[in-house]
Amino acid sequence: MDFDIGHLLNSIPLMLKGALITFEISLIGALLGIVVGFILILMRMSPLRPIKYLAEIYISIFRGTPLLLQIFFIYYALPGLLGIDLPPFIAGVLALSLNSGAFVTEVLRGGIGAIPRGQFEGAKALGLKRRVIWGRIILPQVFIMILPPLTNELTMLVKASPLLSVITVVELTRTAQQIMMLTYRPVEVMLAAAMLYFVICFALTRLTHRLKGRFVLISGRQ
Amino acid sequence: MDFDVNIILKYWPIIFKGLTLTIFICAIALPVGLILSTGVCAIRMSQNRILKALSIAFIEVIRNTPFLIQIFLVFYVLPFYGIRMKPIFAGICCLSIYASAYFAEIIRGAILSVPKNQNEAAQALGLPAKQIMCKVIFPQMLGYLIPPMTNMGITIIKESSVLSIITVAELTYYSQFVIGKAFAPVEIFSLVGLIYWIITALFALGMKSIENRYNFIAKIEKTKDLIPARG
């Protein structure tokens, strides 16, 4: 079979649309993942043992089982359990966020752990309120520190999002498959999809590196 | 909705069949990936510019594209160039190659984590390159090597579930097969999730015991206290 560059170029506009949806899914997943991660870290720091264990169990489950299985569970099993029907897009994004949260919480924990104790003590000595200590002093520093691992998490989500094609979310991979069904030119279409993924992920990886470099410049910490 | 244990008991043999294949796939892909990665890493750190550029390109392409797309490329595209593979073979190949790119970077990171002066001191003592690597660098890099290797190994085990999409009859594939028959997604997915969780936990446990045995860094840190501080 000859490699036909025309087919590759023809498929690009549709694929770009798919790529945009892939990026959208990943971004929403990452943002909600940060929220989930934040809730988990709060649960972990709670003085109540059961809440703490609940968070640990959640993290262990979501880190120890395949994402594909989690997607299946949320899409096929959850409606039966809760009695609500989830459309593929919502189910997919939900699975990505819940999964991402379990990883982001470790990042957050590392970030908070890296803040010198003196910052807490100094803020307390100044008589600042708890809300101010966290909102104005600790979290802004944590956020700058964890920006590189968070962009890395976004890259991970972009790489994980093709799994949503299995529950018929029409993102880049699903678009590629649909074009493949129509034209039966898997070589060009799959290569185009692979290239688009590569461009997105490579750009994000570079961004992560830059942010890391900037962070070292700002804080002097590695 | 009730949780029906009978369904699990009834379909356990089928699930077990999937489980054995998942373990088989991982038991091949992980060691093969590790062996390949040492080669990739050696080339990545070599002096030859062309080979070095090639290995960097390989690592970056594998690390920056989704695993599912890699499988599709091997499974749908290669047949057009006369390379036909059974799904299971294609799957194991993909998983090994995927693992090798990540492992290679982990090994490189571990080698670079060993302080430079260790290498310089060994060279100054006139040790041959092979001995420097095996007797000086390698024992010290294990502390940096095993924890990320454990994480990546777990990722590979979880990633093996993706092979179900190209009809490799492993655990996830059979879970869907059984659900198609019994229509009990909650029971079956919970069971299969539990199985994966146990596999990854056992893997982590095994790696931890290896780490404890060979963690020279920790041992060196301990002996540091025995050496009196100067000044």
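In this text, all values refer to a predicted model and were calculated from it rather than measured experimentally. Reminder, nothing fancy here: chain letters follow the sequence lines and each chain counts from 1.
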- Item | Sorted by number, residues from residues 69-78 of chain B in contact with chain A (heavy atoms, under 4.5 Å) | B:I69, B:F72, B:L73, B:Y76, B:V77

- Heavy-atom contact with chain B under 4.5 Å, split by part of A:Q177: side chain

- Task: Select all residues of residues 160-171 of chain B having any heavy atom within less than 4.5 Å of some heavy atom of chain A, and report them by number, or 'none'.
- Result: B:S161, B:V162, B:S164, B:I165

- Residues of residues 96-103 of chain A within contact distance of chain B, non-hydrogen under 4.5 Å: A:F103

- May I ask you to decide if B:E60's main-chain N or O and B:N64's side chain share a donor-acceptor pair within less than 3.5 Å? yes

- Query: With a 4.0 Å cut-off, would you call A:E171 and A:R174 a salt bridge?
  - Reply: no

- Message: I'd like to know if the side chain of B:S37 and the backbone of B:F103 have a donor-acceptor N/O pair within less than 3.5 Å.
- Response: no

- Query: So, the side chain of A:S60 versus the backbone of A:E56: is there a donor-acceptor pair under 3.5 Å, distance only?
  - Reply: no

- Query: Given that the side chain runs from C-beta out, which part of A:L191 has a heavy atom under 4.5 Å from chain B: side chain, backbone, both or neither?
  - Reply: both

- Return yes if some donor-acceptor pair links the side-chain N/O of A:E153 with the main-chain N/O of A:V104 below 3.5 Å, else return no. no

- Task: Scan for side chain to side chain donor-acceptor pair (under 3.5 Å) pairs involving residues 154-167 of chain A, sequence neighbours excluded, and state none if there are none.
- Result: A:K159-B:Y102

- Non-hydrogen atoms of chain B under 4.5 Å away: do they reach the side chain of A:M195, the backbone, both or neither? neither

- Minimal heavy-atom distance between A:M190 and A:A176, with the atoms involved, is CE-CB, 4.3 Å

